[in-house]
Amino acid sequence: MRFSKMFIPTLREAPSDAEAASHILMIRGGYVRQLAAGLYIFLPLGWRVLGKITAILKEEMDAIGAQEISMPVLHPAEVWQQTGRWTAIGAEMFRLKDRNDRDFCLGMTHEEIMTWMASREIRSYRDLPQTWYQIQTKLRDEARPKSGVLRTREFIMKDSYSFDTDEQGLDHNYRLHAEAYHRIYNRCGVKFMQVESDPGMMGGGYSHEFMAPSPAGEDEVALCPKCGYAANVELASSVPPSIADEDWQTEELHTPEKRTVGEVSRFLKVDPAYFIKCVLMITEKEPVLVLVRGDQEVHEKKLARIVDSHRPAQKNEVKDILGIEAGFIGPMGRRNMKIIADPCLKQGSYISGANRQHYHVKGIKADRDFFAEWHDIHIARQGDFCAVCGAELTVERVIEIGNIFKLGTKYSAALKAVFLDENGNEKPIVMGSYGIGPARIAAAAIEQNYDKDGIIWPRSLAPFDIELIPLNMNDTATVEAAERLYRELQQQHIDVLMDDRDLRPGVKFKDADLIGIPTQVILGEKNLREGLVEIKNRKTRETVKVNIEKALDTICSLTTT
RNA sequence: CGGGGCGUAGCGCAGUCCGGUAGCGCACACGGUUCGGGACCGUGGGGUCGAAGGUUCAAAUCCUUUCGCCCCGACCA
């Protein structure tokens, strides 16, 4: 490809509304343009990168026996109504009506439609197992699209779905997918880890996420360096650092106008870890008192798994329900109320609200002064200890680049996707679903590999294998040498971009670094007179001069390793 | 959905407080000099100042409404 013919609108300056490195560089490098919030156009370079990724996805999916198909993006409401997700999912689903006033939605994912297909055609255990996948557009009306291509309202996803007769079959397909994902990320050159995750709205009991470590990520994972425990902090269990047991007598303390743990802690000069943080939550059934240690915080998702939907009580609700202002509520004596407490409060003696205006109580002990249901509900933090082996956990920020779910029979039961087993018994198909976002892989690859001058693509994702840079387009010798090398490289099926623009060398160098093709071949007048060209590594900036006759071989050996 | 910020030429910005009819850099076009890390000189084109309404002799600037975009939070397969 000739640079002069290709649409590569590079930008000298970063757009003011971009923050993440991948966002800035994809725009500056002419890879993408934004149409509206969360809607991106992939320009030729960007589309080539996605093409590289989807090619890898197809190879690895095909290799585990998955079959590529393609499903509509426009879905009739009925199918989603049958699984209950038409109502379970809120504003995040794009909904519309056709001319006959029939309800439709735009597909956020394809469990429903895949299962619908299976329900129509799968009859017998002999038809199973099956794995179907597609690389296709999803639409979600995200509350907050952000970070360029990382969180968008429309995006391409590789989604596969496995159909099995039993749990063993599902286990097998789940494992095959996990292994394929490992190969995919390795081939794409992104650093990643597999962690336990919350299945959330997908339902089913078991799922993992694949995470690319990056400060630009939106998720956090807790990792144990010793035993390898790895989980999204949404569900990671951890043991907070223990505190010395204080043998306090129960006593009320006057704490005028001191309401938060921080305020009372400073006022009494006692570490926040010796407090019980006490929050009133309103659930559908009843108000619930939620307790964590003063230095910890409640994790909404962990709590949601126990009490379902809930919200913090308003100030006036606290007063109505507990009869005391929010700053002074405590667990003591609240026998006829549901209390959920974090297990780290079982031991020790604590300070909390006295249920009396401007007073706190010191010396509160579990199972004496209050009685609770014990659940891990605190947010796992750096410095907490592993619940499995006791080693110190680290917490890292990550980009979610894939997930795998064991769905079980949730969708097949709802949509009557059933088969007859060997004994003629009707059973629901056992399903799994598996997603990967190619644009997120591309963004993660950039977040993990860039410098001040631009992108540094892993070879497997780069839009071209090499960039040829003839410096002076007015020098016949340069142009002839470049054209010859260009032809020869193409004959070797090496993807080559030749910057044949009649521009100053500086501009070409800057653009080349920005675009980030891993190998640059520089043809300068002086070197050519000695029969030499330069081969430069974008990442290390190391340059070797080689004889032009040997350039082809050298480049070939670079691009194949 | 709550909080904050920003909408002025393709991009980055100034001008808004204090009203007087729009400017800078880059990019673009043409001419010339240049040519190994985003050159220089000259000439030139390009803007309903996000939109609507209002105040005023006069609005990018003041007031009201509205739309869009970004960031933080909530939410999120």
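Values reported hereafter were calculated over all heavy atoms of this structure, with side chains retained and with hydrogens, waters and symmetry mates removed. Just so we're on the same page: letters track the sequence lines, and every chain starts at 1.
If you measure from atom CD of A:E19 to atom P of B:G4, you get 18 Å, rounded to the nearest angstrom. Separating the CD atom of A:E534 from the P atom of B:G36 is a distance of 12 Å, rounded to the nearest angstrom. Rounded to an integer number of Å, the gap from A:E13 CD to B:G25 C1' is 8 Å. Spacing between atom CD1 of A:I8 and atom P of B:A27 amounts to 18 Å, rounded to whole angstrom units. Taking atom CD1 of A:I522 as the reference point, atom C1' of B:G37 lies 10 Å away to the nearest angstrom. A:D17 has its CG atom 11 Å from the C1' atom of B:G7, to the nearest Å. When the P atom of B:C11 is taken as reference, atom NZ of A:K510 falls 23 Å away, rounded to whole Å. Between the C1' atom of B:G37 and the CG atom of A:L503 lies a distance of 13 Å, rounded to the nearest Å.
Look at the P atom in both B:G7 and B:A14: the space between them is 7 Å, to the nearest Å. Distance noted for atom P between B:C70 and B:U33: 47 Å (whole Å). Remark: the separation of the P atoms in B:C40 and B:G25 is 12 Å, to the nearest Å. The same atom, P, is picked in B:G73 and in B:A27; the two are 38 Å apart, to the nearest Å. Using atom C1' as the reference point in both B:U48 and B:C35, the two lie 43 Å apart (nearest Å). A distance of about 14 Å separates the C1' atoms of B:A59 and B:C18, rounded to the whole Å. Nucleotides B:G5 and B:G23 place their C1' atoms 24 Å apart, quoted to the nearest Å. Comparing B:C41 with B:U61, their C1' atoms sit 37 Å apart, to the nearest whole Å.
Pairing for B:U34 is absent, judged as Watson-Crick or G-U wobble with the two contacts each under 3.5 Å. When both pairing distances are held under 3.5 Å, B:G53 makes a Watson-Crick or G-U pair with B:C63. Pair assignment for B:G45: none, as no Watson-Crick or G-U wobble contacts are both less than 3.5 Å. If you check B:A74 for Watson-Crick or wobble pairing at under 3.5 angstrom, you find it has no partner at all. When both pairing distances are held under 3.5 Å, B:C69 makes a Watson-Crick or G-U pair with B:G5. Base pairing analysis places B:G10 opposite B:C26; the two distances defining the Watson-Crick or G-U wobble pair are each below 3.5 Å. Across the strands present, B:C17 finds no partner; the criterion is a Watson-Crick or G-U wobble pair with both atom distances under 3.5 angstrom. Taking a pair to require two hydrogen-bonding distances under 3.5 Å in either a Watson-Crick or a G-U wobble arrangement, B:A58 remains unpaired.
A donor-acceptor contact under 3.5 Å links the side chain of A:D511 to the base of B:G38. Between the base of B:G37 and the side chain of A:D513 there is a donor-acceptor pair shorter than 3.5 Å. Residue A:R28 places a side-chain atom within donor-acceptor reach of the base of B:G38, judged by atom type and a 3.5 Å distance cut-off alone.
For RNA chain B, the residues of residues 33-46 of chain A within the heavy-atom distance limit of 4.0 Å (strictly under) are A:Q34, A:A36, A:A37, sorted by number.
A cation-pi contact links A:K406 to A:Y206, judged by a cut-off of 6.0 Å to the six-membered ring centre and 45° from its axis. Within the cation-pi definition used here (under 6.0 Å to the ring centroid, within 45° of the axis), A:R95 does not qualify as a partner of A:W80.
Using a 3.5 Å distance cut-off with no hydrogens or angles, the side chains of A:Q134 and A:H110 do pair a donor with an acceptor. For the residue pair A:N232/A:S197, the side-chain donor-acceptor check at 3.5 Å is not satisfied. A:H23 and A:K146 share no donor-acceptor pair across their side chains, judged by distance under 3.5 Å alone. For A:T152 and A:E154, the side-chain atoms include no donor-acceptor pair closer than 3.5 Å. Defined by atom type and a distance below 3.5 Å, a donor-acceptor pair is present between the side-chain atoms of A:Q67 and A:Q130. A donor atom on one side chain and an acceptor atom on the other are found under 3.5 Å apart for A:H177 and A:S160.
Relative to the side chain of A:N527, the nucleotides B:C69, B:G38, B:G36 differ in distance, and B:G36 lies closest. Nearest nucleotide to the side chain of A:R144, out of B:A39, B:A27, B:A74: B:A74. In this structure, the nucleotide among B:G36, B:A27, B:C72 sitting nearest to the side chain of A:K146 is B:C72. Of the candidate nucleotides B:C75, B:C71, B:G12, B:G12 has the atom lying nearest to any side-chain atom of A:S16. Taking every side-chain heavy atom of A:F509 into account, B:G37 is the closest of B:G37, B:G12, B:A74. Closest to the side chain of A:K536, out of B:G37, B:C26, B:C71, is B:G37. The A:A143 side chain lies nearest to B:A74 when the options are B:G12, B:A74, B:C71.
In terms of modelled atom types and a separation under 3.5 Å, the side chain of A:R153 and the main chain of A:E142 share no donor-acceptor contact.
Contact annotation for A:F155: base contact, defined as any heavy-atom pair under 4.0 Å involving a base atom. No engagement by A:P9 is indicated, since no non-hydrogen atom pair under 4.0 Å with the nucleic acid exists. A:E218 comes within 4.0 angstrom of no nucleic acid atom, judged by non-hydrogen atoms across all strands. Using a 4.0 Å heavy-atom criterion, one finds that A:S147 contacts the sugar-phosphate atoms exclusively.
Map A:R541 and A:G148 each onto its nearest nucleotide of RNA chain B; the residue landing nearer the 5' end is A:R541. Between A:A14 and A:L139, the residue anchored nearer the 5' end of RNA chain B, judged by the nucleotide with its closest heavy atom, is A:A14.
Not one side-chain nitrogen or oxygen of A:R504 sits closer than 4.0 Å to the OP1 or OP2 atom of B:U34.
For A:F192 and A:H182, the gap between ring centers is short of 6.0 Å.
Checked against side-chain contact (heavy atoms from CB on, under 4.5 Å), A:K545 has the following partners two or more places apart in sequence or in another chain: A:N527, A:L532, A:E534.
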